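Accompanying notes for the structure given below.
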Amino acid sequence: MAAISSPKGIGAIAVIRVSGTLSWEIVRKILAKSVEVEPRKVYHNFVIDKDGQVVDEVMVVFYKAPNSYTGEDMVEIMCHGGFVVSEMILELLINNGARLAGPGEFTKRAFLNGKMDLTKAEAVKQIIEATSRHAVKAISQNLTSRFYQMVKQLREDVLNLLAHLEVEFDYPDDVFIERGYLLKMAEDVLSKVEKLLSNAENRLAVSSGIKVVIVGKPNVGKSSLLNALAKEEKAIVTEIPGTTRDLIEVPITIDGINFTLVDTAGIRTSNDKVEQIGIERAIKACGKADLILFVVDATTELDENDMRILELIKDKRYLVVINKIDARDFVDREKIKQILKTNTHVLTVSALKKEGIEEVEKQIVNSVKDVILSTDGYVTTHRQYEHLLECKRNLVKAFESLKNSVELDMVAEDLRSALKQLDLLTGESYTEDLIDKIFKEFCVGK
Ligand SMILES: Nc1nc2c(ncn2[C@@H]2O[C@H](COP(=O)(O)OP(=O)(O)OP(=O)(O)O)[C@@H](O)[C@H]2O)c(=O)[nH]1
Ligand SMILES: [Mg+2]
C-alpha cells in the first residue's frame, strides 16, 4: 500500500510512504538509478515515468521488516513538495502494483503487527491533531508507551491476585490464603487504578476545550463579549433584548490552552416559547461549565434578574464581568461586589470598544489553573477512560466480595472482568469493529 504522508500544498518536501513485502520491488521500478539498498540509509535518485521521463529528484529510504513504522518492509520517498509532483509519484506507484492506503492504515498495521498498543496509536492521532502546546505536552508522554507500561503492570498485579485465588481453588483442602493478604493486594491495585482515573476527567476536559459559559440577563452584551474574545463576529448582536436564542459555541485558544466559549440566551422571565427554551438551555449550560462569565450591565442598576442568575451560579466557579464601561464615567466595582455579595474577581470591560478583554483572558486562565495543572495523568481519550472506569468497578466489586467473604470464584470472576477491561484498553484484545472505528478517524498516510 502507498500514500502521500505530507499535507497537500506548497512546501519544501513531500513524503510518500509504501509498506508491504513488495515495497522495494515496486519503488525500484520507478527509479532511474538501480541501487542495492541497505536499510535505513538515504539514497539519492530520480523518479521516472513509464517513458523514462524524469518526474522529480528524490531521496529514498528503505526500512527492513520488522524495523519500520508498520513492522513490514517500507520505503519512504522524499520528493519536492507542491500540489502535483507527489500525486504523480503516487500514481506511478499504483500503476506498478501498489494500492492506495486507507485512513490510518499504516498505524493500523503497526498496531496489528505489535509495533504499538492502542494507547500509543491514539496518541499518534492526537499529537497530529493537537492545536495547542499544552495538548502536545500532555499527549507526547503516551508516545513513549509509559501509559502502556503502567497498564501492563496493573495487569500483572491483577493476574498475580488471580493466581493466588486459583491455588486455593486447586487445593481447597491444603491451601488457605490469609484474607487480609488478599485484601491488601486488591487494595493496592485499586488505588493504582483510582490514581490514574483521578486526573482523567480534568485532562479530558482540557484536551477537548475547557468550557467557559457566558451568562447574564438580556442585552448586557454577552454576545458582544463572545465576539471580542473570539476576535470574530460569531454571534448576532442587536439592541433588542432576547437576541440570542440558542447556545453558540466557539473554540478559542488562550496561552496555548483550548477553551470552548459558550454564548447563551439572556436569562429573564419570558412568555416567548422559543426564548424560554433558550433560557432553559442557558441554565443547563451553566451546569456543565468549568467556568462562568457572569455579565452585568454598567449602564443600568442591578435588578432581580441579575440576582436570580447569581443564585443559579453562586456555587460554581465564576467571574463577574461589568460591561459597557465606555458608556459610564465611573463604575463602582466595590459597590457591585457588595450588592452581589461575592468574593470572586470583578472585571470591567467594554465589549464594544474591546477594552479590558486581555484582563478577562488572563483571569479566565487564572481561574482554571488548578484544572490545567492537575492533568498530568495518562488517559487521553474517552475510550480509555471508560475501560479504566469499568475496570475500577469490577475491582471494587471483587474487593467488597473479598471483604464480605463471598465465594472466591465470584471474586475471581470480577477480577477476570477487570482484566478484560485492561486488555480492551491497550488493544491486547479487540474487535474488528473497534479497530475500524479508531483508525478510520486517522488521516491517509499515517
Ligand atoms: N456602549 C456599549 N454598548 C454595548 C457594549 N456591549 C454591547 N453593547 C450593546 O448592547 C446591546 C446588546 O448587546 P448583545 O451583545 O447583543 O447583548 P446580549 O447580552 O448578547 O443580549 P441577548 O442576546 O439579547 O441576551 C447592543 O446594542 C450592543 O451594541 C459595550 O461595551 N458598550
Ligand atoms: Mg446575545
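Predicted model only: the values in this text are computed from it and were never measured. Each ligand, and each atom within it, is numbered from 1 in the order the structure gives.
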List the atom pairs, with distances to 0.1 Å, where a side-chain N or O of residues 257-271 and a protein N or O form a donor-acceptor pair under 3.5 Å, not counting sequence neighbours.
from: Asn258; atom 1: OD1; to: Thr131; atom 2: OG1; distance (Å): 3.4
from: Asn258; atom 1: ND2; to: Thr131; atom 2: OG1; distance (Å): 3.2
from: Asp263; atom 1: OD2; to: Ser223; atom 2: OG; distance (Å): 2.5
from: Thr264; atom 1: OG1; to: Ile214; atom 2: O; distance (Å): 2.7
from: Arg268; atom 1: NE; to: Glu275; atom 2: OE2; distance (Å): 2.7
from: Arg268; atom 1: NH2; to: Glu275; atom 2: OE1; distance (Å): 3.2
from: Arg268; atom 1: NH2; to: Glu275; atom 2: OE2; distance (Å): 2.9
from: Ser270; atom 1: OG; to: Asp272; atom 2: N; distance (Å): 3.0
from: Ser270; atom 1: OG; to: Glu275; atom 2: OE1; distance (Å): 3.0

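Counting heavy atoms of neighbouring residues, nucleotides and ligands inside a 6.0 Å radius, atom NZ of Lys192 exceeds 12 of them. Residue Leu434 places its CG atom among more than 12 non-hydrogen atoms of other residues, nucleotides or ligands, all under 6.0 Å distant.
Applying the side-chain hydrogen bond (donor to acceptor under 3.5 Å, both in side chains) definition to pairs two or more places apart or across chains, those involving residues 434-446 are Lys108-Asp436.
Within a radius of less than 2.8 Å around the Mg ion (ligand 2), the protein N, O or S atoms are Ser223 OG, Thr244 OG1.
Shown are Val18, Thr21, Asn113; of these, the side-chain contact (heavy atoms from CB on, under 4.5 Å) with Glu72 is made only by Asn113.
For an aromatic pair to be called close, the ring centres must be under 6.0 Å apart, and Tyr430 with Phe111 satisfies this.
Annotation: cation-pi pair Arg17/Tyr69 present, NZ/CZ under 6.0 Å from the ring centroid and within 45° of its normal.
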Subject >> Test side-chain hydrogen bond (donor to acceptor under 3.5 Å, both in side chains) applied to Ser19 and Tyr63, step by step >> reply: CA-CA 9 Å; Ser19 181; Tyr63 301 88; over 6 Å; no

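Taking a heavy-atom cut-off of under 4.0 Å, ligand 1 is surrounded by Pro218, Asn219, Val220, Gly221, Lys222, Ser223, Ser224, Val237, Thr238, Glu239, Ile240, Pro241, Gly242, Thr243, Thr244, Gly266, Asn323, Lys324, Asp326, Ser350, Ala351, Leu352.
Comment: Asp246 engages Arg281 in a salt bridge, judged by a side-chain N to carboxylate O separation of less than 4.0 angstrom.
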